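Treat the numbers as computed from the prediction; the structure is a model and nothing was measured. What you see below is based on every heavy atom in this structure, not just the backbone, and it leaves out hydrogens, waters and symmetry mates.
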Amino acid sequence: MHLVIDQVRKTFGPVAALDDVSLSVDASEFVCLLGPSGCGKTTLLRIIAGLLTMDSGRLTLAGRDLTQVPARQRGFGIVFQSYSLFPNMTVADNIGYGLKLRGTPREKIDARVRELLALIKLPQIAERFPWELSGGQQQRVALARAIAVEPSLLLLDEPLSALDAKVRAELREEIHDVQRRLKIPTVMVTHDQEEALTLADRIICMSRGRIEQAGSPTDLYLRPATRFVADFMGVSNLIEPGRLSASRPELMQGCPGDNHLLCLRPEHLSVSKGSFGTVSSVSFLGNITRLKLETPLGQLVAEENGRSNFNPGDRVEITVDPGRAAWVAA
């Protein structure tokens, strides 16, 4: 493993921001730390960066103990939400700043800057200043500056959260492409599950200073281990075994016990005309239509591609493939 975090603990007064967290990051792997505000993900990233000390635990990179190594000597690239570009420097000088500090010859700095401006698809802005750029352009420059020094690890602290939806989608693709091409091991903090699903090789879903579940995007979405993960990773229908045994006993297959809930994603429900439940609301969202249904199983959410033919008040039947359901700890 490239980066190993072992039993890291951090408290702020009586609050445990990180409660004996352990995880590892492979060389060239993209890992997303995902969770709500206050779950500990940013604290963990700052500890990895060396910007915050841990109370206990160990941090190693390629076998090197980093516990006492200051941030400036760790050789990491960091991109913050706020861009943090030097306003009095041109784009070229911002990107080449780390190389200049290392005493790299001017001609090599210039060549590296040209290479990176081409990589982020902004070859024409070398002589502009940050205040002349859009937010998306500034964040691309911040990314180029972080990778200019060929870091051993790239850390991204919610780098897209200040941007509008369209620019965020574009930059997600660019970050994904740059990371795959350069094969830099990357740890990114985000509270956006779509961002994590799009970018990550592996997602670390956190809650209250602990890791709730770690796995591939597919694992966390289709096979959530806990109620928290099922709820946080998109919309889910969580159904108690008692309701199932009374009205849909065929879905009880594989139930681990009463302390578990059946998790069904909205797209896994097929809706047709019938008498099992009633449509309570219909929301057209462009590519999908979301239906809320009142049923003996409780309120369920179903999704259909495009525009639905159902209206509020319609009586419906639901069909579920048991193989697409997952049991989660309540």
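The backbone N or O of Ile288 lies less than 3.5 Å from no partner atom in the side chain of Asn305, so there is not a single donor-acceptor pair. In this structure, Gln137 contributes its side chain and Ser134 its backbone to a donor-acceptor pair below 3.5 Å. The backbone N or O of Arg202 lies less than 3.5 Å from no partner atom in the side chain of Glu29, so there is not a single donor-acceptor pair. Side chain of Gln139 to backbone of Phe80: a donor-acceptor contact under 3.5 angstrom is found. With hydrogens and angles disregarded, a donor-acceptor distance shorter than 3.5 Å links the side chain of Arg74 to the backbone of Val69.
A salt bridge links Arg181 and Asp177; the closest N-O separation between the charged side-chain nitrogens and carboxylate oxygens is under 4.0 Å. Checked for salt-bridge contact, Asp110 and Arg106 meet the test: a charged N lies under 4.0 Å from a carboxylate O.
By the criterion of side-chain heavy atoms lying less than 4.5 angstrom apart, applied directly or through intervening Ile, Leu, Val, Met, Phe, Trp or Tyr residues, Ile318 is grouped together with Met252 in one hydrophobic cluster.
The CG atom of Leu99 sits 8.5 Å away from atom CD of Glu150, with the distance rounded to the nearest 0.5 Å. In this structure, the separation between CG on Leu269 and CG on Asp321 is 11.0 Å, given to the nearest 0.5 Å. Distance check, rounded to the nearest 0.5 Å: CD of Gln138 to CG of Leu163 gives 9.5 Å. The CG atom of Leu33 sits 9.0 Å away from the NZ atom of Lys41 when rounded to the nearest 0.5 Å. In this structure, CG on Asp157 lies 5.5 Å from CG on Leu45, to the nearest 0.5 angstrom. To the nearest 0.5 Å, atom CD of residue Gln7 and atom CG of residue Leu18 are 12.0 Å apart.
Sorted by first and then second residue, the ring pair (Phe, Tyr, Trp, His ring centres under 6.0 Å) pairs with a member in residues 87-112 read Phe86-Tyr97; sequence neighbours excluded. Pairs passing the side chain to side chain donor-acceptor pair (under 3.5 Å) check and including a residue from residues 283-292, sequence neighbours excluded, read Arg290-Glu303. Pairs of residues two or more places apart, or lying in two chains, never qualify as ring pair (Phe, Tyr, Trp, His ring centres under 6.0 Å) while including a residue from residues 278-330. Listed by first and then second residue, the salt bridge (charged side-chain N to carboxylate O under 4.0 Å, His left out) pairs involving residues 86-101 amount to none (not counting sequence neighbours). Residue pairs meeting the ring pair (Phe, Tyr, Trp, His ring centres under 6.0 Å) criterion with at least one member in residues 175-228, sequence neighbours excluded, are Phe228-Phe232. Applying the side chain to side chain donor-acceptor pair (under 3.5 Å) rule to pairs touching residues 242-263 yields Arg248-Glu317, sequence neighbours excluded.
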Taking only distance into account, with no hydrogens and no angle test, what donor-acceptor pairs under 3.5 Å do side-chain atoms of residues 209-217 form with protein atoms, sequence neighbours excluded?
unit_1: Arg210; atom_1: NE; unit_2: Asp19; atom_2: OD2; d: 2.8
unit_1: Arg210; atom_1: NH2; unit_2: Asp19; atom_2: OD2; d: 2.8
unit_1: Glu212; atom_1: OE1; unit_2: Thr226; atom_2: OG1; d: 2.8
unit_1: Gln213; atom_1: OE1; unit_2: Ala225; atom_2: N; d: 2.6
unit_1: Gln213; atom_1: NE2; unit_2: Arg223; atom_2: O; d: 3.1
unit_1: Ser216; atom_1: OG; unit_2: Asp219; atom_2: N; d: 3.1
unit_1: Ser216; atom_1: OG; unit_2: Asp219; atom_2: OD2; d: 3.2

Using distance only, find each side-chain donor-acceptor pair of residues 50-66 under 3.5 Å and give its atom names and separation, not counting sequence neighbours.
unit_1: Asp55; atom_1: OD2; unit_2: Thr11; atom_2: N; d: 2.7
unit_1: Asp55; atom_1: OD2; unit_2: Thr11; atom_2: OG1; d: 2.8
unit_1: Arg58; atom_1: NE; unit_2: Asp65; atom_2: OD2; d: 3.3
unit_1: Asp65; atom_1: OD1; unit_2: Thr67; atom_2: N; d: 2.9
unit_1: Asp65; atom_1: OD1; unit_2: Thr67; atom_2: OG1; d: 2.6

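At least one side-chain heavy atom of Leu153 sits under 4.5 Å from a side-chain heavy atom of Leu155. Side-chain atoms of Ile147 and Ile184, non-hydrogen and from C-beta on, do get closer than 4.5 Å to each other. Using a 4.5 Å heavy-atom threshold, the side chains of Leu182 and Leu119 count as touching. Looking at Arg172 and Leu160, their side chains come closer than 4.5 Å, going by heavy atoms from C-beta outward. The shortest distance between side-chain heavy atoms of Leu293 and Phe276 does not fall below 4.5 Å. Proximity of Ile239 to Leu300: side-chain heavy atoms (C-beta onward) are separated by under 4.5 Å at one or more points.
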**OP:** Decide yes or no on side chain to side chain contact (heavy atoms under 4.5 Å, CB included) for Ile203 and Leu197, but give the supporting numbers first.
**Re:** CA-CA 8 Å; Ile203 297 172; Leu197 289 169; 4.2 Å; yes
**OP:** Please step through side chain to side chain contact (heavy atoms under 4.5 Å, CB included) for the pair Thr278 and Arg315, ending with a clear verdict.
**Re:** CA-CA 5 Å; Thr278 304; Arg315 296 287 290 167; 2.7 Å; yes
Subject >> Verdict with reasoning, Asp20 to Val8, per side chain to side chain contact (heavy atoms under 4.5 Å, CB included) >> reply: CA-CA 5 Å; Asp20 294 330; Val8 168; over 6 Å; no
Original post:
Please walk me through it: do Ile204 and Val21 pass side chain to side chain contact (heavy atoms under 4.5 Å, CB included)?
Top reply: CA-CA 11 Å; Ile204 312 297; Val21 169; over 6 Å; no
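Residues satisfying the salt bridge (Lys or Arg N to Asp or Glu O under 4.0 Å) test with Glu173, not counting sequence neighbours, are none. Residues satisfying the salt bridge (Lys or Arg N to Asp or Glu O under 4.0 Å) criterion with Asp201, sequence neighbours excluded, are Arg180.
Atom CZ of Arg208 is surrounded by 12 or fewer heavy atoms from other residues, nucleotides or ligands within 6.0 Å. The environment of Asn309 atom CG is sparse: at most 12 non-hydrogen atoms of other residues, nucleotides or ligands sit within 6.0 angstrom. Around the CD atom of Glu240, the shell of radius 6.0 Å holds no more than 12 heavy atoms that belong to other residues, nucleotides or ligands.
Through chains of ILVMFWY side-chain contacts below 4.5 Å, Leu238 is grouped with Leu261, Val328. Apart from Trp131 itself, the hydrophobic cluster it occupies contains Phe129, where clustering links Ile, Leu, Val, Met, Phe, Trp and Tyr at side-chain heavy-atom distances under 4.5 Å.
If you check the side chains of Ser236 and Asp231, you find a donor sitting under 3.5 Å from an acceptor. No donor-acceptor contact under 3.5 angstrom links the side chains of Thr190 and Glu158, judged on distance only.
The shortest non-hydrogen separation linking Arg128 to Leu133 is CD-CD2, 3.9 Å. Closest approach of Leu116 to Ala144, counting heavy atoms only: CD1-O, 3.5 Å. Between Leu154 and Ala146, the shortest heavy-atom contact is CD1-CB, 3.8 Å.
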